[in-house]
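Below: one structure, written as C-alpha cells.
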Amino acid sequence: MLDKLKVLEDKFIDLEKKVADPDIIADQSQWQKYIKEHADLQPIVEKYREYRDVVSQLEESKEILQEESDEELRELAKMEISEAEDKIGPLEEELKVLLLPKDPNDDKNVIVEIRGGAGGDEAALFAGDLFRMYSRYAERRGWKVSLLSANDTGVGGFKEVSFMIKGKGAYSRLKYESGVHRVQRIPTTESGGRIHTSTATVAVLPEAEDVEIEINPADLRIDVYRSSGNGGQSVNTTDSAVRITHIPTGEVVSCQDEKSQLKNKEQALKILKARLYDKALSEQQSELAAERKSQVGTGDRSERIRTYNFPQGRISDHRINLTLYKLDNFLDGDLDEMIDSLITVDQTEKMSAF
C-alpha cells in the first residue's frame with residue numbers, strides 16, 4: 001500500500017508542475033484535464049502525508065524513549081507514542097478507502113426516473129412522495145432540480161416522472177436509490193382503515209456526456225404530437241410534444257412539459273442518452289462477478305430495496321438490514337444517515353476484496 005501511495009504522491013508533484021506550466025495553461029483542454037487529475041489526487045496525497053508525519057513522530061519518540069535517561073522526557077515520549085499509535089490505525093483505514101477504485105460517474109449529475117408500480121392510484125401518490133423526498137434532499141445539499149417529464153394523475157401523484165439533479169457528487173450518493181421502494185399505509189381514500197401495500201420503482205442514471213454516448217440520427221424515429229394535460233397556454237394547440245424511439249434497443253422516451261418542440265426534443269435526447277449509458281454500464285457490471293456479490297450500489301431495479309411503513313413510522317433498508325424510526329424527516333429529505341450507512345457497507349465489502 002505504501003509503495004502505491006508513494007507513486008501517487010510522485011504523480012501529484014508532477015501534476016503540480018504541469019498545472020503551473022504556461023505552455024499547458026495555454027491549452028485549456030489539456031490544462032483542465034491535469035487540474036481534474038490533480039484535484040482527484042489531492043485528498044489521498046494529503047492523507048498520506050499526514051500518515052507519514054505520524055509514523056515519523058512515532059519513530060522519533062521511540063528513539064527518545066530508548067536513548068534518554070531523563071524521566072520527564074521519557075514520560076513525554078511515552079505520551080507521544082501512545083497518541084501516534086492511536087492515530088495510525090484510523091489513518092490506515094482512511095487510506096484504504098481512498099485507494100479504492102473510484103467510480104468514474106461519482107461526480108456526475110443524475111437523471112432520476114420514478115414510476116408508480118403495484119397499487120394503482122396509491123402507487124402514483126407514493127411516486128409523488130418519492131419525487132418530493134429527492135427534491136428536498138437535493139435542496140438540503142444545494143443541488144438544482146429540473147423536471148424533465150411527468151405523467152401526473154392530477155391529484156398529487158405521478159404514473160411516472162423524470163427529473164435531473166445537478167450537483168457535485170450527486171451520483172455518488174444517489175446511485176444506491178435504484179430499485180423497488182415499497183410503502184405500507186392506509187390510503188386517504190380507504191374508509192375501512194386497512195393498510196395497503198404499494199410500490200414504486202426508482203432508476204438513478206448518471207448523466208451521459210456526448211463523448212460517452214454517440215447516437216446515430218438514422219437510429220432514431222422522432223414523432224411529434226399534441227400535448228395532453230391539465231390545460232394552460234400552448235397545451236393541446238400545437239404539436240410540441242416529442243416521442244423518440246431508439247430503433248436498435250426499442251427504448252422510447254416522451255417529453256411534453258416544455259412549450260417548445262425543440263426543448264422537448266432536447267430533454268428527450270438527454271434522457272435517452274442517460275438510459276443507453278446506464279444500460280451499457282449494467283452490462284459491464286453483470287460481466288464482473290465480484291461486482292455482483294453485493295446488491296449495494298449495483299442498481300438492480302427488480303429488487304425490493306426499502307420499505308416505508310407509515311403506521312410504525314419506520315424506514316427499513318433490506319440490503320443492509322437498517323431500520324430508522326424517523327419517517328416524516330426521511331420523506332422531508334433527511335436521507336444522509338441512510339445513504340452514509342449504504343456507502344460504509346459498500347466500501348467495507350470492497351475493502352475486504354482489496
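Predicted, not measured: the structure shown is a model, and the values here were computed from it.
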Step by step, work out the side-chain contact (heavy atoms from CB on, under 4.5 Å) result for L147 and V161.
-> CA-CA 8 Å; L147 185 67; V161 57; 3.5 Å; yes
After noting the C-alpha distance and the side-chain angles of I111 and L148, does the key distance pass the side-chain contact (heavy atoms from CB on, under 4.5 Å) rule?
-> CA-CA 9 Å; I111 290 175; L148 297 178; 4.0 Å; yes
R52 NZ/CZ over Y48 ring centroid, <6.0 Å and within 45° of normal | yes
Check: S240 and N264 side chains under 4.5 Å, non-hydrogen atoms = yes
Given salt bridge (Lys or Arg N to Asp or Glu O under 4.0 Å), test D223 with R221 step by step and report yes or no.
-> CA-CA 7 Å; D223 302 307; R221 185 174 70 244; 3.8 Å; yes
List the atom of L73, the atom of D70, and the distance in Å for their closest heavy-atom pair.
-> N-OD1, 3.0 Å
Test item: V252 and I244 side chains (from C-beta on) under 4.5 Å apart, heavy atoms | no
In plain terms, say whether K6 and D10 are close enough for a salt bridge, that is, a side-chain N and a carboxylate O under 4.0 Å apart.
-> yes
Say whether, by atom type as modelled, one donor and one acceptor occur between the side chain of S178 and the main chain of V204 under 3.5 angstrom.
-> yes
Is it true that a side-chain atom of T199 and a backbone atom of A118 form a donor plus acceptor pair closer than 3.5 Å?
-> yes
Of the non-hydrogen atoms in D317 and R319, which two are nearest, and what is the gap between them?
-> OD2-NH2, 2.8 Å
Enclosure of Q28 CD (heavy-atom neighbours >12, cutoff 6.0 Å) | yes
Please check if the side chain of S172 supplies one atom and the backbone of G169 the other of a donor-acceptor pair under 3.5 Å.
-> yes
Using a strict 4.0 Å threshold on nitrogen-to-oxygen distance, state whether E113 and R275 make a salt bridge.
-> yes
Flag the pair T249 / K279 as yes when at least one side-chain heavy-atom distance between them is below 4.5 Å, and no otherwise.
-> yes
Nearest atoms (heavy-atom pairs only) where G116 meets A127 | N-CB, 4.1 Å
Where at least one partner belongs to residues 58-80, residue pairs that pass ring pair (Phe, Tyr, Trp, His ring centres under 6.0 Å), sequence neighbours excluded = none
Please report the closest heavy-atom contact between L8 and V45, naming both atoms and the distance.
-> O-CG2, 4.1 Å
Return yes when atom CG of N309 has more than 12 non-hydrogen atoms of other residues, nucleotides or ligands closer than 6.0 Å, and no otherwise.
-> yes
R306 vs E177, salt bridge (Lys or Arg N to Asp or Glu O under 4.0 Å): CA-CA, chis, key distance, verdict = CA-CA 9 Å; R306 193 176 296 148; E177 295 301 299; 2.7 Å; yes
Before accepting this row, confirm whether a basic side-chain N of the pair D40/K36 lies closer than 4.0 Å to the acidic partner's carboxylate O.
-> yes
For F12, check ring pair (Phe, Tyr, Trp, His ring centres under 6.0 Å) against everything at least two apart and list the hits.
-> H38
Exercise: identify the closest heavy-atom pair between A170 and I165 = CB-O, 4.2 Å
Flag side-chain contact, heavy atom, 4.5 Å: D3 against V7 | no
Tell me, do H196 and I186 make a side-chain contact under 4.5 Å, heavy atoms counted?
-> no
Ion pair check, E37 and K11, cut-off under 4.0 Å | yes
Sub-3.5 Å donor-acceptor pair from the side chain of N109 to the main-chain atoms of G167, do we have one?
-> yes
Which is it for D278 and K273 under the salt bridge (Lys or Arg N to Asp or Glu O under 4.0 Å) test, yes or no, and what are the steps along the way?
-> CA-CA 8 Å; D278 183 65; K273 283 183 179 179; over 6 Å; no
Does the distance from a Lys or Arg side-chain N to an Asp or Glu carboxylate O, for K47 and E94, drop under 4.0 Å?
-> yes
Return yes if some donor-acceptor pair links the side-chain N/O of T245 with the main-chain N/O of I247 below 3.5 Å, else return no.
-> no
Identify whether V145 and L174 are in the same connected component of the hydrophobic contact network (ILVMFWY, side-chain heavy atoms under 4.5 Å).
-> yes
Side chains of D27 and S29, donor plus acceptor under 3.5 Å = yes
Is a salt bridge present between E266 and K263, judged by a nitrogen-to-oxygen distance below 4.0 Å?
-> no
For residues 77-91, please give each side-chain donor-acceptor pair under 3.5 Å, one per line with the distance, not counting sequence neighbours.
from, atom 1, to, atom 2, distance (Å)
E80, OE1, S61, OG, 3.1

Heavy atoms from other residues, nucleotides or ligands near NZ of K168 exceed 12 (cutoff 6.0 Å) = no
Going by heavy atoms in the side chains, are R243 and V253 under 4.5 Å from each other?
-> no
Any pair counted as ring pair (Phe, Tyr, Trp, His ring centres under 6.0 Å), so long as it reaches residues 102-135, sequence neighbours left out | F126-Y308, F131-F158, F131-F163
Ring pair (Phe, Tyr, Trp, His ring centres under 6.0 Å) contacts in which one or both residues fall within residues 83-105, not counting sequence neighbours | none
Does a salt bridge link D14 with K18, judged by any charged N lying under 4.0 Å from a carboxylate O?
-> yes
Sub-3.5 Å donor-acceptor pair from the side chain of R74 to the main-chain atoms of Q66, do we have one?
-> no
Any side-chain heavy-atom pair from I271 and S149 closer than 4.5 angstrom?
-> yes
Any chance the side chains of T201 and H181 put a donor and an acceptor closer than 3.5 Å?
-> no
Matching residue for F310 among D328, L331, I195 - test: side-chain contact (heavy atoms from CB on, under 4.5 Å) = L331
Is the side chain of N105 donor-acceptor paired with the backbone N or O of P206 at a distance under 3.5 Å, no angle test?
-> no
When rounded to the nearest 0.5 angstrom, what is the spacing between OG1 in T344 and CD1 in I339?
-> 12.0 Å
Give the intermediate values and the outcome of salt bridge (Lys or Arg N to Asp or Glu O under 4.0 Å) for residues R136 and E139.
-> CA-CA 5 Å; R136 288 286 294 121; E139 184 183 316; 3.0 Å; yes
Evaluate the side-chain contact (heavy atoms from CB on, under 4.5 Å) criterion for residues L335 and M133: first the C-alpha distance (whole Å), next the side-chain angles of each, then the deciding distance (0.1 Å), finally the verdict.
-> CA-CA 9 Å; L335 310 184; M133 180 181 82; 3.9 Å; yes
Could you tell me whether N216 atom CG has more than 12 heavy atoms of other residues or ligands within 6.0 Å of it?
-> yes
Should I222 and L272 be counted in the same cluster of Ile, Leu, Val, Met, Phe, Trp and Tyr side chains packed under 4.5 Å apart?
-> yes
Test item: side-chain donor near acceptor, N151 and E160, under 3.5 Å | no
For residues L5 and L95, determine if any side-chain heavy atom of one lies less than 4.5 Å from a side-chain heavy atom of the other.
-> yes
Smallest heavy-atom separation, P311 atom then Q184 atom, equals CD-O, 3.3 Å
Using a strict cut-off of less than 4.0 Å between a Lys/Arg side-chain nitrogen and an Asp/Glu carboxylate oxygen, indicate whether K108 and D106 qualify as a salt bridge.
-> no
Can you name the side chain to side chain contact (heavy atoms under 4.5 Å, CB included) partners of R141, sequence neighbours left out?
-> Y137, W143, R173, D336
Check for a donor-acceptor pair, side chain of R304 on one end and backbone N or O of V180 on the other, with a separation under 3.5 Å.
-> no
Charged N to carboxylate O below 4.0 Å: is that the case for D152 and K159?
-> no
